Every structure is written in structure tokens, then in C-alpha cells.
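Okay, so here's the structure we're looking at.
Quick caveat: nothing in here was measured; it's all calculated off a predicted structure.
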Amino acid sequence: MQKPCRGIQNLHKVLYIIYNIDMFNSLTGIITGKFPKQVFIDTNGVEWDLCVPDSNLDMLPPVGNEAKIYTYLQHTDQLMSLYGFASADERSVFLDLLKVDGVGPKGAVKIMSAVSSARLLDVLEKGDLEMLEKIPGVGKKTAGKMMLTLKGKLKISESSDKIVRVAAASPYADVVLSLASMGYDKKLVEQKVAQLVEILTNDSSFAGKNQKEREDILFRRAIVELA
């Protein structure tokens with residue numbers, strides 16, 4: 001009897017995984033592509049297409065390297081979408097966002113792409129509703145729901161909490177968030193703000209301003225240079 005070809009065998013494996021999704025926690029394989037909100041990963045000849053928050057892309061190794069990506073499957077009558085995350089903590093934040101009324105998987109990815117989990121946790125814990133509203137995909141109504149649902153409840157481990165403290169310590173994190181909410185690439189914004197801070201720190205007139213005034217100056221300079 002002729003044996004089924006390898007492609008058919010792989011397809012059977014994929015179908016088995018999909019229909020036994022409760023056992024589907026992560027994928028380990030070689031990253032074959034990284035794009036905005038998208039990662040390809042090859043696992044023994046099966047290449048998976050995952051939707052990944054932009055904030056997680058830099059946490060994953062470069063193309064050609066092995067990686068473990070934690071997963072979440074959205075399965076409805078109309079579609080089947082696979083979401084990926086660089087760590088179990090990142091996936092937990094995603095799942096917590098899904099608890100907010102009106103926030104679906106795509107909305108959660110949009111939020112996580114605009115702001116790191118550490119920064120999001122810091123904003124929620126401070127009760128900074130105004131800053132929360134500036135995050136793309138949130139808005140006033142959703143910000144209120146997020147504050148009510150997630151403040152004091154967002155899941156994050158002790159190791160990630162160290163990252164939160166570092167992010168919160170950055171005096172110009174709000175400037176980065178505001179610029180990213182305007183559509184500028186977040187990584188590019190972070191680099192530009194860091195460069196400007198280094199330049200302006202040596203300016204006595206800048207150093208003599210209060211925090212709000214320094215943020216305004218930095219915000220205006222960054223817009224000009226990013227444009």
C-alpha cells in the first residue's frame with residue numbers, strides 16, 4: 001500500500017492540533033518572516049502565520065533563529081486567526097484586554113502595538129485616564145471600561161514588574177506614547193526622543209524648565225524631526 005506523502009502527513013498533524021486546541025499552548029520553530037503585526041514560524045515543515053503585537057516583535061529573535069511563541073486561537077464560524085506572543089506574560093495581558101467590553105483580539109493587538117505591557121500597567125495603576133485615552137484603539141469610552149475592568153487586576157509576573165518600574169522611571173514616556181498615538185513608528189519615536197534628550201540635557205534653558213515645559217519642548221522638537 002502506498003504511503004501518504006509528507007505534505008498530507010503534515011496536514012493531518014495541523015488538523016489534529018486545530019481540533020485539539022485545548023492542548024495548543026505554544027509553537028517552537030524557526031522564524032521565517034517578521035513584519036508589522038505579523039510573524040511566520042516554521043515547525044517541522046509547517047509554516048504558521050501569526051498576528052503579533054508590534055511591541056512583541058523586538059522581543060523575538062531575528063529571522064532564521066529558533067523561537068518559542070505563545071499562542072491564542074480565535075475560532076468563530078466566520079474565521080480562524082492565530083495570535084502569537086513573545087512570552088506567557090504578554091499573552092496574559094492580551095487575555096486580560098479581551099475581558100474589557102468592546103475589546104476584541106484585533107483591538108487588543110492594536111493597543112499592545114502602541115504601548116508596551118509595562119507602560120500600560122503603569123498607566124492603569126496610576127489611574128491616568130487621560131493618557132489611557134490617547135492610546136490608539138482606546139478612546140474615552142473604552143478607556144473608562146479598561147480602568148474599571150483592569151486597574152489592580154492586570155496579570156504580570158515579578159520579572160515583568162521590574163520592567164514596569166524601569167518604564168515608569170522614564171521621565172519622557174508620556175511624550176513617546178503621545179507621538180506613537182499620532183501614527184509614528186514607536187521604535188523610531190523612542191530613538192528620536194532619546195537622541196533629543198541627550199542633546200537638550202546640555203541646554204541650560206531646557207534644564208531650567210519644569211517637567212511639563214520640558215515635555216512640551218521635546219514633543220514639538222520631535223514632531224519637526226520625525227516629519
Side-chain angles (χ1 to χ4, degrees), residues 7 10-61 63 66-121 123-124 132-133 135-139 141-151 153-157 160 180-181 183 186:
N10 285 338
L11 178 59
H12 288 166
K13 290 178 183 178
V14 173
L15 292 174
Y16 177 82
I17 290 172
I18 290 174
Y19 286 106
N20 293 273
I21 203 64
D22 289 340
M23 301 168 61
F24 195 23
N25 178 61
S26 65
L27 292 171
T28 299
I30 303 299
I31 293 182
T32 53
K34 290 176 72 174
F35 312 94
K37 297 185 179 66
Q38 186 180 41
V39 165
F40 295 159
I41 183 169
D42 185 288
T43 59
N44 297 317
V46 178
E47 189 176 48
W48 302 81
D49 180 354
L50 297 91
C51 180
V52 176
D54 289 338
S55 60
N56 279 223
L57 290 176
D58 289 338
M59 301 179 194
L60 294 170
V63 172
E66 185 176 74
K68 180 176 183 179
I69 302 180
Y70 292 83
T71 56
Y72 170 83
L73 179 73
Q74 180 189 23
H75 189 190
T76 68
D77 293 337
Q78 288 76 35
L79 59 85
M80 186 180 293
S81 299
L82 191 61
Y83 294 82
F85 307 91
S87 69
D89 274 332
E90 290 295 311
R91 183 176 59 184
S92 291
V93 171
F94 172 84
L95 294 175
D96 282 334
L97 284 170
L98 296 185
K99 296 176 184 176
V100 179
D101 183 33
V103 176
K106 287 186 178 180
V109 167
K110 186 174 182 179
I111 292 169
M112 293 180 69
S113 293
V115 60
S116 69
S117 296
R119 179 58 180 155
L120 178 61
L121 178 59
V123 170
L124 286 168
L132 197 59
E133 292 173 8
I135 298 174
V138 178
K141 187 175 181 180
T142 302
K145 292 179 180 179
M146 286 177 64
M147 195 66 71
L148 181 65
T149 305
L150 300 179
K151 185 177 181 182
K153 302 174 185 177
L154 200 63
K155 297 175 184 177
I156 199 162
S157 69
S160 294
S181 70
K186 187 171 181 290

Give the minimum heavy-atom separation between [X] and [Y], together with the two atoms involved.
| X | Y | answer |
| --- | --- | --- |
| M146 | I111 | SD-CD1, 4.2 Å |
| S55 | S116 | CB-CA, 4.5 Å |
| T71 | R91 | O-NH1, 3.0 Å |
| F35 | L57 | O-CD1, 3.4 Å |
| N56 | F85 | OD1-CA, 3.4 Å |
| L124 | L150 | CD1-CB, 4.0 Å |

Heavy atoms, side chains only, cut-off 4.5 Å: are [X] and [Y] in contact?
| X | Y | value |
| --- | --- | --- |
| D96 | V93 | no |
| D101 | T149 | no |
| I135 | L120 | yes |
| P136 | K110 | yes |

Distance check, rounded to the nearest 0.5 Å: [X] atom [atom1] versus [Y] atom [atom2]?
| X | Y | atom1 | atom2 | result |
| --- | --- | --- | --- | --- |
| T43 | I30 | OG1 | CD1 | 10.5 Å |
| Q74 | C51 | CD | SG | 9.5 Å |
| D54 | K34 | CG | NZ | 11.0 Å |
| L27 | Y70 | CG | OH | 11.5 Å |
| Y72 | S92 | OH | OG | 13.0 Å |
| S87 | I69 | OG | CD1 | 11.5 Å |

Could you go step by step and tell me if L148 and V100 meet the side-chain contact (heavy atoms from CB on, under 4.5 Å) rule? CA-CA 9 Å; L148 181 65; V100 179; over 6 Å; no
After noting the C-alpha distance and the side-chain angles of Y83 and K37, does the key distance pass the side-chain contact (heavy atoms from CB on, under 4.5 Å) rule? CA-CA 10 Å; Y83 294 82; K37 297 185 179 66; over 6 Å; no
